Amino acid sequence: MELRAEGVSRRYFRQSKLSNVFFAVKETNFALPAGKLTEITGRSGSGKSTLLHMLAGLLAPTTGRVLLGDTDLYALDDAERSKLRNEHIGVIPQGQTALRSLTVLENVKLPCLMYGDEVSDEIPMSLLERVGIAALRDAYPNELSGGELRRLAIARALLRRPRVLLADEPTSNLDDENTHAVLRLLRQCADEGAAVLLVTHEREAAEYADRVLYMSDGVLSAE
Amino acid sequence: MKFEKDLSVKNLKRKPARTAALVILSAFLSFSIFGGSLVVMSLQNGLKSYEARLGADIIVVPNQARSHGTVDSILLQGIPGYFYMDESYFEKISVREGVEIASPQFFLASASAGCCSVAVQIIGFDPETDFSIQPWIRESYGGAVGDGDLIVGSSIEIPANRKLVFYNNSYNVVAQLDETGTGLDTAVYANMSTIREMLESSTKQGFRYYDGDPARAISSVMIKVGDGYGIEDVANDINVHVRKVEATQAKSMISSIAGGLTNVSRVIGVLVVVIWILALAILMVAFVMISNERTKEFAVLRVVGASEKMLKRLLRTESIIISGVGALCGAAAAALVVFPFGGLVKRSLDLPYLLPDAGVTAALLFGSVALSVLAGSLTSAASARRLVKNDTGLILREDA
């Protein structure tokens, strides 16, 4: 299933000598095709994460719309959009995003537990094995390293076998070996039919991507 | 809903110190409102009970009564006392205009010596004319109180053989009265001939309570004023025309207690309000601090697919668990203080004190817990609204 952004932009207000209004993302048309891994690179503050959050249904665009298949995400109410994100869009956010009161295994199961869906240990454990932290299943997040927490977030995003996978700097804090392992995993998801977006600074990510886009001052362009 | 409940419980368990602090703060709410209301209600109940038991419009006692106790101290605090006048005063009083019913009473203090089972106030009444004690006795005992029979207050311990000895004479306990929360609970009641017999026995054993003829002694006269007569007017008339006695309106005895009760209730009310303001303010600050600490957690839940409603339910569940557990602990603590130490409260306040019945207490408990849970939940609601409306993207970027 394709994820499309049609004429999306995001405006913010801030105190400035030049203008009180600035656009984190300028009007952009963008498609994330199924079965492809798209990489967006660019400097910090260029608008990459803002675009990713709009695509994820977490941040309403100032203009334009975001379509998953034929469904306009922002035409849905919050509960419907949240459910749709839970079922079809896997998001790997920046930073440490584990819930501290849950074990590693419970954190991975979270998307299913949230809506009362039955989930055995089999699928989450296989994901933990793929990201190399199966032995930590009963540990709590405060016992994990930064890299292990990133891998936990990846396993959690993959639990529902999402049609769209949006990864925001998924390899930060990872060593070379783990960086390649995660990039291989994202490539594999694309090969299995998911539309994958990878926002990253990592140069080696390009070799796993089907296309690389560059973002600068809120404008997206082919590199 | 199960998810919200499970996650709330796990969140609370993972932060035991924070949870305990919030539970204790919430406990203050129900402790103060349940404990405070229970004490105030017990005082009101005590006053009503005292008013009902007094039964008379006017009480007449001899002028010198204050030297060996007063009607207030005998009836209210249960301090044994005695004072006497000749029966002729009863005849003079009962014929005054406006006196519809007059009935004599007789107060005798039993001794703490070996001649008596217990040191208590013994109150004698005339079954022919009494209108204040017998209606109350009939609530617990349907028979007549014959010679040698005793009715005892609720605080008197009845021996297994149901006999009490006063001045070496043995008497049968035929009934025990319901609790009134006043000094009447520690008194023993008998008819006039029984109590005069006790007085005669006491004199033989060397106790000199009354120098006159015991057969003609009375302690007080209870008066019911007829319709169309002012109670104050009748009391004044007796004070003016019958020498060596003092007629007091029962209302004035009640109003001095009511005044004390109002003062105590006001102090308790102010304390409860202060505790509530402090506890709610601290709870509100605590919830705001906690919500600031948890913005990241909520952003993560949004990313994974939680709706705003789900997050609100999660916070509401947490605050209900905290305030619910706190409210129950607070109410239990209040019960542990108020119930076992009721006697101490009564003595220290020097006011009639009667705990409400189980139904009223249960309703008060339920109301206090519900109010505390509601207040605790509302306190967290403001910070919850702010937390839910946060920009998820911004929070995730800030913490990256």
Side-chain angles (χ1 to χ4, degrees), chain A residues 10 12 24 44-45 48-54 56-60 77-103 106-117 140-142 153 156-157 159-160 162 166 168-169 172-173, chain B residues 1-20 22 290-319 321-322 384-400:
Chain A
R10 178 66 196 186
Y12 283 103
S44 295
K48 305 185 298 292
S49 293
T50 303
L51 178 63
L52 184 144
H53 291 139
M54 287 194 288
L58 290 166
L59 180 66
D77 66 25
D78 178 70
E80 291 167 334
R81 189 166 55 251
S82 299
K83 184 88 163 69
L84 183 138
R85 182 167 56 250
N86 175 270
E87 288 175 348
H88 300 302
I89 304 175
V91 183
I92 303 164
Q94 285 186 37
Q96 321 305 348
T97 58
L99 295 192
R100 291 176 184 277
S101 54
L102 303 181
T103 63
E106 287 167 338
N107 262 289
V108 174
K109 285 178 166 182
L110 188 61
C112 287
L113 298 176
M114 188 174 274
Y115 284 93
D117 299 335
Y140 281 92
N142 60 341
R156 185 180 62 205
L159 181 76
R160 291 271 203 191
L166 307 174
D168 196 357
E169 305 284 2
S172 63
N173 291 327
Chain B
M1 196 60 203
K2 186 180 179 299
F3 166 73
E4 287 88 332
K5 199 188 92 200
D6 289 349
L7 187 57
S8 297
V9 170
K10 281 178 176 159
N11 281 339
L12 297 173
K13 279 186 179 167
R14 284 292 288 178
K15 295 271 185 183
R18 184 178 79 185
T19 305
L22 291 172
I290 289 164
S291 66
N292 288 341
E293 195 185 283
R294 296 178 69 184
T295 51
K296 182 69 178 286
E297 177 192 333
F298 276 70
V300 171
L301 285 165
R302 288 288 279 159
V303 161
V304 177
S307 62
E308 287 183 0
K309 277 184 187 165
M310 201 180 267
L311 296 186
K312 281 181 188 165
R313 275 204 303 270
L314 178 67
L315 279 168
R316 196 164 52 235
T317 308
E318 276 187 31
S319 69
I321 292 173
I322 288 169
R385 200 165 30 248
R386 201 169 57 88
L387 198 54
V388 165
K389 290 289 178 193
N390 275 333
D391 182 337
T392 305
L394 209 58
I395 290 159
L396 292 171
R397 277 220 306 274
E398 278 169 356
D399 276 17

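Naming convention: chains lettered A, B, ... in sequence-line order (proteins, then strands); numbering from 1 in each chain. Values in this document were obtained by computation on a predicted structure and should not be read as measured data.
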Measure [X] against the heavy atoms of chain B and call it side chain, backbone, both or neither at under 4.5 Å.
| X | answer |
| --- | --- |
| A:R156 | side chain |
| A:N142 | side chain |
| A:L59 | side chain |
| A:L110 | both |
| A:E87 | neither |
| A:L102 | side chain |

Return the option, out of [options], with the maximum number of heavy-atom pairs under 4.5 Å with chain B.
| options | value |
| --- | --- |
| A:K83, A:R100, A:M54, A:E80 | A:R100 |
| A:V91, A:L52, A:L84 | A:V91 |
| A:T97, A:N86, A:D78, A:L58 | A:D78 |
| A:L99, A:I89, A:I92, A:L166 | A:L99 |
| A:E169, A:E106, A:R160 | A:E106 |

Next on the checklist: If I measure from the heavy atoms of chain A, does B:L301 come under 4.5 Å with its side chain, its backbone, both, or neither?
Outcome noted: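 Contact with chain A is through both the backbone and side chain of B:L301.
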
Checklist entry - What part of B:K2 is in contact with chain A, defined as an atom under 4.5 angstrom from a non-hydrogen atom: side chain, backbone, both or neither? => result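 Neither part.
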
Item to check | side-chain hydrogen bond (donor to acceptor under 3.5 Å, both in side chains) between A:S101 and B:N11, worked out | outcome: CA-CA 5 Å; A:S101 54; B:N11 281 339; 2.5 Å; yes

Next on the checklist: Less than 4.5 Å apart, side chain to side chain, heavy atoms only: is that true for A:R85 and B:R302?
Outcome noted: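 Touching, per the 4.5 Å side-chain cut-off.
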
Next on the checklist: In the structure I gave you, are the side-chain heavy atoms of B:D6 and A:L113 within less than 4.5 Å of one another anywhere?
Outcome noted: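 Not touching, per the 4.5 Å side-chain cut-off.
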
Item to check | OH-NZ distance between A:Y140 and B:K10, expressed to the nearest 0.5 angstrom | outcome: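 It is 7.0 Å, given to the nearest 0.5 Å.
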
Checklist entry - Can you tell which of B:A299, B:G305, B:S307 has the highest number of heavy-atom pairs within less than 4.5 Å of chain A? => result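 Result: the option with the highest number of such pairs is B:G305.
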
Checklist entry - Thinking salt bridges, do B:K309 and A:D77 make one under a 4.0 Å N-O criterion? => result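 Salt bridge between B:K309 and A:D77, a charged N being under 4.0 Å from a carboxylate O: no.
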
Item to check | Over 12 non-hydrogen atoms of neighbours within 6.0 angstrom of NZ in B:K312 | outcome: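 Counting other residues, nucleotides and ligands, NZ of B:K312 exceeds 12 neighbours.
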
